[in-house]
Amino acid sequence: MRVLLFVMWLLHWLPLPVLGRIGVGLGSLLYMYMRPRRRIALINLRLCFPEKTEAERRVIARGHFQAYARSALERGILWWASEARLKRLIKVEPGVPFETMDAGPVIMLCPHFVCLEIPGIALVLNSPYSVCTVYARQQNEIVDQALLRGRSRFRPVTLLSREKGIKPILRAMREGKPFIMLPDMDFGLKDAEFVPFFGVPAATLTATARIAAATGAKVVPAITTFLPGYQGWKTTFYPAWDDYPGDDISLATRRMNAFIEDRVREAPEQYFWAHKRFKTRPEGAPDVYARPPKA
């Protein structure tokens, strides 16, 4: 693993167009050889885009592997490049919402697009804010430490364990730290409800709505996608949601999923399809990832 990190450090000196193309080539190989993950991605795409042909879904899946590998290699730039280089490469549109951030607690909603690491960095580089987020320790200690250093290299970041519940999050938000919320993975039914995602019942965390209700926080979605021509990344801060969450947590969570669906349609290959998003199923519903019995 040390060798891999050393290679990433060497590669981060390359111009981004060169590094990005290497990532795309690597992703093409991963699509060919990582058959279990490719199968998961294609199942997800069949469920979410039944109107598309299988050939169209395979194009998206291949593009996803390419985007994911590219983002993994480009992470070396996030971890080791100078602040000046990062500011040149990360474009913020329309800008950091200072008025909203200064007015009170904020939840930065960051769905699982492949450039997930960048919204927090974009905020820190262009504002005086630090952030807090839930952190899952990596299995490899070397990778874990590299990830922690990369996330906190410009300003201390408050990393919270999911197992400790909501109280540490509320405490950090009261201290004025925007909370980066990653709401769209399947963690089972604890603190979750079945809410449609592209029309398919998906176990979805209700924490975004519950924390917003408990703190009066504004929800500001922030999503990073690739700029064309390997020129860098675009981080978009969307307007804060009005009247959120309202009186119905389920409807608020459905509203969140609908927003994510719209963003996925804009850049489908950059969404994280290789995760078993529909692993948890309603009672009696079949396992969509189960392999059919052999004849």
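In what follows, every heavy atom counts, from backbone to side chain, and hydrogens, waters and symmetry copies are set aside.
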Might you point out which heavy atoms bring [X] and [Y] nearest each other, and give the distance in Å?
X	Y	result
Val96	Ser127	CG1-CB, 4.3 Å
Arg281	Pro201	NH1-O, 3.9 Å
Ala217	Ile107	CB-CG1, 4.0 Å
Pro183	Cys110	CD-O, 4.0 Å
Arg85	Leu16	NH2-N, 3.9 Å

Item to check | All pairs passing salt bridge (charged side-chain N to carboxylate O under 4.0 Å, His left out) where residues 168-184 contributes a residue, at least two apart | outcome: Glu175-Lys177
Checklist entry - Cation-pi between Arg255 and Tyr244: NZ/CZ under 6.0 Å from ring centre and within 45° of the ring axis? => result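 The answer is no, since Arg255 fails at least one limit relative to Tyr244.
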Item to check | Test: Arg46 cationic atom under 6.0 Å from Phe49 six-membered ring centre, within 45° of axis | outcome: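 Here Arg46 fails the 6.0 Å and 45° test against Phe49.
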Would the distance check show the side chain of [X] and the main-chain N or O of [Y] forming a donor-acceptor pair, the cut-off being under 3.5 Å?
X	Y	answer
His275	Asp186	yes
Arg153	Leu78	yes
Ser71	Cys115	no
Thr206	Asp191	yes
Glu56	Thr53	yes
Arg38	Met32	yes
Arg39	Arg35	no
Thr204	Ala202	yes
Tyr289	Phe278	yes
Glu93	Lys234	no

Next on the checklist: For Phe259 and Tyr238, take the angle between the two ring planes, folded into 0 to 90°, and tell me which bin it lands in: parallel under 30, tilted 30 to 60, perpendicular over 60.
Outcome noted: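 Ring orientation, 0 to 90° scale: perpendicular.
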Checklist entry - Which class fits the ring pair Phe198 and Trp273: parallel under 30°, tilted 30 to 60°, perpendicular over 60°? => result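 Rings of Phe198 and Trp273: tilted, 30 to 60°.
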Checklist entry - Is it true that the side chains of Thr235 and Thr224 contain a donor and an acceptor less than 3.5 Å apart? => result yes
Next on the checklist: Looking only at side-chain N and O atoms, does Glu193 offer a donor or acceptor that is under 3.5 Å from a partner on Ser250?
Outcome noted: yes
Please round to the nearest 0.5 Å and tell me the distance separating atom [atom1] of [X] and atom [atom2] of [Y].
X	Y	atom1	atom2	answer
Leu30	Met34	CG	CE	6.0 Å
Leu86	Ile121	CG	CD1	6.5 Å
Ile22	Leu11	CD1	CG	5.5 Å
Met8	Ile77	CE	CD1	9.5 Å
Ser82	Arg88	OG	CZ	6.0 Å
Asp287	Lys276	CG	NZ	7.0 Å

Checklist entry - Centroid-to-centroid, Tyr31 to His64, below 6.0 Å? => result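 Distance test on ring centres: not under 6.0 Å, no.
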Checklist entry - Salt bridge check: are Arg254 and Glu261 linked by an N-O gap of less than 4.0 Å? => result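 Salt bridge between Arg254 and Glu261, a charged N being under 4.0 Å from a carboxylate O: yes.
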Checklist entry - Does the pair Met108 and Phe237 meet the rule for a side chain to side chain contact (heavy atoms under 4.5 Å, CB included), with working shown? => result CA-CA 9 Å; Met108 277 179 57; Phe237 286 92; 3.9 Å; yes
Checklist entry - Does Val24 share a hydrophobic cluster with Tyr68, counting links as ILVMFWY side-chain heavy atoms below 4.5 Å and allowing steps through other members? => result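 No: no chain of side-chain contacts under 4.5 Å links Val24 to Tyr68.
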